[in-house]
Every structure is written in C-alpha cells, then in structure tokens.
Peer 1: 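Take a look at this one; I'll ask things after.
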Amino acid sequence: LNPTLSRVQDRLQEMLDLIADLLELARLKQTKEQIMAEASHQHVAEILQKVCDLFREQAHAKKQSLQVEILSEPVILADRDHLKQIWTNLISNAIKYTPEGGQIAVSLEADEGRLVGTVSDSGMGIAGEDVPNLFQDFFRTDQAKASGEIGTGLGLSIVKQIVESYGGEIKVTSNLGVGTCFAFVLPLEPHSAYLQDQA
C-alpha cells in the first residue's frame, strides 16, 4: 500500500476498534443479574491458551518472548467473552508497547477460591503520575501516543469494569522505561450477596 492508503486503513481500523469498544462498554452497563444470567462455568486455562495462540505471531514478528505459565487450571463462573476480553486487552497492550526483543510473561493460578492472573512486560513502562488515570475511559499516556501504536484508550477501562463486575480487583505496578505488570483477581464463584448489593 502507498503511504496515503496505509494511513486511511489505519484510521478505519481505529474507528472499527472504537465502535467495538464502545459497544462492549455499553454491554457492561447491564445490571449484575443480567451479567450473571449469561455466566457459566469456564475453563480459564483453555481460554488463555487460545488468546496467546492468537498473539504468538504478532510477538514473533517483533522478536519478543511470550512466556505463559499455568500453575493451576481453575474453573470460574463467568461469561466466556468477558474472560477473553481481559486476557486479550492485557496481552495485546503488552506486545504493542514493548519494543522488539522484549519479554512478555503471562501467568495463571488459583488461590483460596480466587483466580489470579498476571501479564507483565519489559516495555516502555508508565509514569507514576499516569498510573491513577490508566483505567479512565479514553485515557492514553503520552508515551503510548508517541509510540505511533493505534489505541482507543478504552481497553483498560473495559478490563477494570469486567473484573469489578464479578467482585474482583485489578492492580498495576510499573516503572517508566523498565516495564509494567498488571495483576487481577477474580472469585471463582461470585457471591450472590455481592451481586445483589451491586445490582
């Protein structure tokens, strides 16, 4: 493609990504009863493996190491698409904002009735002042914008809303120029009392 057509293609892809993310955000505005009505028991390790398989070629093209450590194979009551969204957004960001030759490490384990997932990278990192804003709608760091990578600024907001809709939590630790680690926790069986309180 010539440069002009390539830019047009990039802008169209941005628009498609934005529409998809806005639709997902609208879906997440449902009540907790609606969310759990669509939930069923899911094998998280299988979902994670399939997501990683989708990204291996992208990581390989950037000469990145994509390591996956599955320490246990928890089964969780959740919507399959929600679990896929969490892993997809976190792993996609790690690959996108990590330079060639970098490392991405993904882990999954279960601990005392909870699923624990982490995605860490050796990428550009996040400035301390930006960390509190990371999960806001449309927020992108200056480093992310300067990288030239396409992004809607909605991916992490979607992840946070999904995690919290099941009574879980997500945290991030990062050092600028060193790398970033996202860690999230989800209860294997969301408590009915929590869901009623949040409806």
Peer 1: Can you find a heavy atom in the side chain of Glu189 that is under 4.5 Å from one in the side chain of His41?
Peer 2: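 With C-beta onward as the side chain, the pair touches.
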Peer 1: Indicate yes or no: does Arg114 engage Glu169 in a salt bridge with an N to O separation below 4.0 Å.
Peer 2: no
Peer 1: Inspect the contact between Asp53 and Arg56 and indicate whether a charged nitrogen and a carboxylate oxygen are less than 4.0 angstrom apart.
Peer 2: yes
Peer 1: Is any side-chain heavy atom of Leu115 closer than 4.5 Å to a side-chain heavy atom of Tyr166?
Peer 2: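 Leu115 vs Tyr166: side chains apart.
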Peer 1: Do Asp121 and Lys96 have side-chain heavy atoms sitting under 4.5 Å apart?
Peer 2: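 A side-chain contact under 4.5 Å is absent here.
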Peer 1: Say whether Ile47 and Leu188 are linked into one hydrophobic cluster, either directly or through other cluster members, by side-chain heavy-atom distances under 4.5 angstrom.
Peer 2: yes
Peer 1: Taking Ser174 for the side chain and Gly179 for the main chain, is one N or O donor matched with an acceptor at less than 3.5 Å?
Peer 2: yes
Peer 1: Is there a path from Val68 to Ile86 through hydrophobic residues (I, L, V, M, F, W, Y) whose side chains come within less than 4.5 Å of each other?
Peer 2: yes
Peer 1: Considering all heavy atoms of both residues, which atom of Pro99 and which atom of Gly123 are nearest to each other, and what is their separation?
Peer 2: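 The answer is CD-CA, 3.8 Å.
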Peer 1: For the backbone of Gly101 and the side chain of Gln103, can you confirm whether one donor and one acceptor N or O come within less than 3.5 Å of each other?
Peer 2: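 Yes; judged by distance alone, with no hydrogens or angles, the pair exists.
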Peer 1: Specify the closest pair of heavy atoms between Ala59 and Leu66, including all atoms of both residues, with the distance to one decimal.
Peer 2: CB-CB, 4.2 Å
Peer 1: Tell me whether Val172 shares a hydrophobic cluster with Leu156, the cluster being built from Ile, Leu, Val, Met, Phe, Trp, Tyr side chains joined at under 4.5 Å.
Peer 2: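 Val172 clusters together with Leu156.
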Peer 1: Counting C-beta onward and ignoring hydrogens, is there a side-chain heavy-atom pair between Ile104 and Phe55 closer than 4.5 Å?
Peer 2: no
Peer 1: Please report the shortest heavy-atom distance between Thr118 and Ala183, naming the atom on each side.
Peer 2: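 Smallest heavy-atom distance, with atoms named: CG2-CB, 3.8 Å.
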Peer 1: To check you understand the geometry: which heavy-atom pair defines the closest contact between Ala61 and Glu100, and what is its length?
Peer 2: O-OE2, 4.5 Å
Peer 1: Atom CD1 in Ile126, atom CG in Leu176: separation rounded to 0.5 Å?
Peer 2: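 Interatomic distance, Ile126 CD1 to Leu176 CG, rounded to 0.5 Å: 9.0 Å.
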Peer 1: When rounded to the nearest 0.5 angstrom, what is the spacing between CD in Glu73 and CD in Glu46?
Peer 2: 9.5 Å
Peer 1: Honestly curious: do Leu77 and Val116 fall in one hydrophobic cluster under the side-chain, below-4.5 Å linking rule?
Peer 2: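 No.
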Peer 1: Which pair of heavy atoms, one from Ala110 and one from Ser72, lies closest together, and at what distance?
Peer 2: N-OG, 2.7 Å
Peer 1: Between CG of Leu90 and OG of Ser120, what distance do you get to the nearest 0.5 Å?
Peer 2: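 One finds 11.0 Å between CG of Leu90 and OG of Ser120.
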Peer 1: For residues Leu186 and Leu83, determine if any side-chain heavy atom of one lies less than 4.5 Å from a side-chain heavy atom of the other.
Peer 2: yes
Peer 1: Roughly how far, to the nearest 0.5 Å, is CG of Asp81 from CD1 of Ile162?
Peer 2: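 Between atom CD1 of Ile162 and atom CG of Asp81 there are 9.0 Å.
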Peer 1: Enter the distance from Cys52:SG to Leu108:CG here, rounded to the nearest 0.5 Å.
Peer 2: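 The distance works out to 10.0 Å.
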Peer 1: For the residue pair Ser40 and Gln42, what are the closest heavy atoms and their distance?
Peer 2: OG-NE2, 2.8 Å
Peer 1: Quick check on the hydrophobic clustering: are Val159 and Val185 connected, directly or via other members, by side-chain heavy-atom contacts under 4.5 Å?
Peer 2: no
Peer 1: Taking the side chain as every heavy atom from C-beta outward, state whether Ile91 and Phe182 have any atom pair closer than 4.5 Å.
Peer 2: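 A side-chain contact is absent here, since even the closest heavy-atom pair is not under 4.5 Å.
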Peer 1: Can a donor-acceptor pair be found, under 3.5 Å and without considering hydrogens, that links the side chain of Gln85 to the backbone of Ile158?
Peer 2: no
Peer 1: Looking at side-chain heavy atoms only, is the closest gap between Phe135 and Ile170 below 4.5 Å?
Peer 2: yes
Peer 1: Does any part of the side chain of Gln49, heavy atoms only, come nearer than 4.5 Å to the side chain of His43, both counted from C-beta?
Peer 2: no
Peer 1: To the nearest 0.5 Å, tell me how far Lys84 NZ sits from Leu54 CG.
Peer 2: 6.5 Å
